[in-house]
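In this text the structure is predicted, and so the values were computed from the model without any measurement.
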Amino acid sequence: MKTKLCFFIFLVSNIMISQQGPSNLIATNYSYDNTRTNTFSSDSKATIDANGFEFELLDAGVNTRFSEIGSGFFRNKLIIVSSKKLGGLAKIDPNTNEAYKDLFCLDVDNSGQLSNPYLFSRILNTNTSEDQLSFTPNQKTVYYTRSSIENSLEYKLYKADLEEDSHGNWINNELLSINQPNVSIENPFVNRAGDKLYFSSNMPGSIGGYDLYVSDINPDGTLGTPKNLGNIVNTELDDKYPSLSIDGKYLYFSSKGHETIGGFDLFVSKISNTGFKTPRNMGNTINSSYDEVAYFLATKNKGYVSSNRQGGKGSYDIYTATNDEVIQKLEGKILDLETQIQLPNTIVVLKDEDGIEIARTTTQEDAIFSFDVIPFERYTISTFKDGFKDASVDFLANRGTKTTYRKNIELLTTEPVIAKVDDELRIVLENIYFDFNKYNVKEESTISLNKVIKVLKEHPEMTLAINAHTDNKGRDSYNLNLSNKRAASAVKYLIKNGISKDRLQSKGFGESKPLIDCKNDCTDDELQANRRVEFVILEE
């Protein structure tokens with residue numbers, strides 16, 4: 001029987017499929033937290049629930065009675081490792097009691113459906129076992145693994161280049177220098193930048209049986225000295241099958257050594273500026289009491305996983321894994337610490353644990369802020385508001401299901417300043433706010449007026465002129481009248497709170513003295529700056 005080979009048409013499909021994550025998110029020098037803490041109780045495996053993931057697993061439609069394990073993408077094709085043979089009698093590996101493994105490829109259509117598998121390459125496939133492989137971002141270099149007839153369970157790492165203008169002719173095949181005698185190197189994964197290769201190995205010095213490592217990829221394709229990912233990721237048992245999220249911020253891998261439901265479970269570790277964070281079990285919607293390995297993403301929330309769980313067709317089967325992303329809400333109000341008055345016009349910024357801004361908002365009249373957050377992630381909420389001290393609050397999304405966290409943030413006011421401004425001695429503080437076309441002092445501005453009261457009580461001989469200004473929208477006469485009423489409202493509040501009216505004057509200037517003379521071409525910020533109240537200290 002003639003075996004059909006998988007030739008490659010260099011076309012970009014309507015859905016871009018990539019196995020790599022973004023660049024430059026892992027520093028060359030790794031640092032690790034030397035204290036591992038398990039997220040889950042050791043009392044019972046049943047404590048591992050969905051854990052922030054909601055996966056739907058479906059048979060990928062290409063499984064047989066033989067072993068099939070996914071290995072990533074080349075162009076618009078899925079590459080898998082399988083022990084099935086096309087035509088003729090298969091030579092049986094005595095270590096697995098299945099045929100020696102080959103690489104196969106499957107077309108992926110726009111809806112994600114897979115074609116029947118065909119042999120990937122007569123050059124890369126041999127009469128020994130081939131296993132996982134990974135391609136550089138330009139798809140011109142492949143890092144692949146192969147065992148020998150003498151020891152089919154020990155894999156070596158190779159590199160090959162795609163011949164220019166060829167349809168799958170891999171040349172310059174070479175055994176890489178990081179290989180060692182009696183050491184197996186498995187599960188290579190190239191990051192999206194193409195400058196790092198992750199893999200698993202039982203190299204001397206490993207923490208457990210198999211550990212996860214990374215090597216720099218040099219410009220010529222050779223590899224730098226392997227670096228162990230450390231004891232936050234690696235355990236005393238086997239840790240294998242590394243891959244990265246599409247954005248490169250998360251490391252996925254399979255482990256027997258962390259808290260598992262059974263066998264190999266899938267874990268995720270966030271990659272921060274300080275190293276890898278404590279891995280989190282990806283939960284019981286994808287993990288089982290059997291082995292789950294080779295998880296890699298095609299898009300942000302859709303990928304493939306291989307498992308030997310019950311109900312499959314072969315010793316390992318491939319499943320599509322679609323994660324219904326668990327989006328959580330973080331909501332709260334910004335309040336004045338002393339009075340509990342709601343504070344609109346507060347800038348609220350959400351940052352991740354590396355201090356990178358994720359989102360920001362400005363509170364409205366209800367003083368509410370709201371952000372989407374991810375389960376089990378750490379954040380910092382920072383606030384900025386005139387007249388108040390900047391604040392930062394740490395937050396941990398510590399639940400795994402869809403939920404809304406409630407967290408109010410209370411701000412401390414700043415002290416008023418007495419300073420010279422335009423040859424006038426003033427009490428300098430944040431703006432006093434009024435509703436549009438109204439002159440009643442807004443509740444939030446009573447906090448600012450209380451600062452003025454404090455200064456006047458500390459200086460009983462001080463007298464004050466309260467001068468109000470408007471923007472240049474509307475008629476001059478209307479703005480003048482409005483500014484007079486606003487100045488009078490501020491005076492009324494001060495008198496109501498114990499300041500003698502003999503110490504106070506008020507005057508409205510309308511639009512006659514703009515802080516920014518922008519004529520009829522003012523921005524919203526310039527208009528806001530011109531709408532102000534000034535507190536001028538009168539000479540005795």
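Residue pairs that meet the salt bridge (Lys or Arg N to Asp or Glu O under 4.0 Å) test with at least one member in residues 345-370, sequence neighbours left out, are K277-E353, E357-R360, E365-K442. Within the structure, every pair that satisfies the salt bridge (Lys or Arg N to Asp or Glu O under 4.0 Å) test and touches residues 283-297, not counting sequence neighbours, is listed here: E292-R309.
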- request: Under the side chain to side chain donor-acceptor pair (under 3.5 Å) rule, what do N125 and S121 come out as? Steps first, then yes or no, please.
  value: CA-CA 6 Å; N125 283 321; S121 166; over 6 Å; no
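Partners of E338 according to the salt bridge (charged side-chain N to carboxylate O under 4.0 Å, His left out) rule, which considers only residues two or more places apart in sequence or in another chain, do not exist here. Residues passing the side chain to side chain donor-acceptor pair (under 3.5 Å) test with Q342, sequence neighbours excluded: K333. Residues that satisfy the side chain to side chain donor-acceptor pair (under 3.5 Å) test with T141, not counting sequence neighbours, are D161. Considering only residues two or more places apart in sequence or on other chains, E410 meets the salt bridge (charged side-chain N to carboxylate O under 4.0 Å, His left out) condition with none of them. For the salt bridge (charged side-chain N to carboxylate O under 4.0 Å, His left out) test, residues two or more places apart in sequence or in another chain that qualify with E154 are K156. A search for side chain to side chain donor-acceptor pair (under 3.5 Å) contacts involving T403 returns R399, not counting sequence neighbours. K256 is linked by a salt bridge (charged side-chain N to carboxylate O under 4.0 Å, His left out) to nothing, counting only residues two or more places apart in sequence or in another chain. Listed by chain and number, the residues in a side chain to side chain donor-acceptor pair (under 3.5 Å) with Y295 amount to none (sequence neighbours excluded). Evaluation of the ring pair (Phe, Tyr, Trp, His ring centres under 6.0 Å) rule for Y405 yields F395 as partners, not counting sequence neighbours. Taking S206 as the reference, M203, D211, Y213 meet the side chain to side chain contact (heavy atoms under 4.5 Å, CB included) condition, with sequence neighbours excluded.
Inspection of the N234 and N228 side chains reveals an N or O donor paired with an N or O acceptor under 3.5 Å. The closest side-chain donor-acceptor pair between T128 and S147, if any, does not fall under 3.5 angstrom. N308 and S315 are not linked by any side-chain donor-acceptor pair at a separation below 3.5 angstrom, with hydrogens and angles left out of the test. There is a side-chain donor-acceptor pair under 3.5 Å between N301 and E325.
The two residues S306 and E68 make their nearest non-hydrogen contact at OG-O, 4.0 Å.
A salt bridge is absent between K402 and E54: the closest approach of a Lys/Arg side-chain nitrogen to an acidic carboxylate oxygen does not fall below 4.0 angstrom. A salt bridge between K227 and D216 is present, with a side-chain N of the basic residue lying under 4.0 Å from a carboxylate O of the acidic one.
Aromatic ring centres of F189 and Y198: separated by at least 6.0 Å. Aromatic rings of W170 and Y143 (six-membered ring for Trp) have centroids beyond the 6.0 Å cut-off, not under it.
Looking at heavy atoms from C-beta onward, V326 lies out of side-chain contact with T401 at the 4.5 angstrom threshold.
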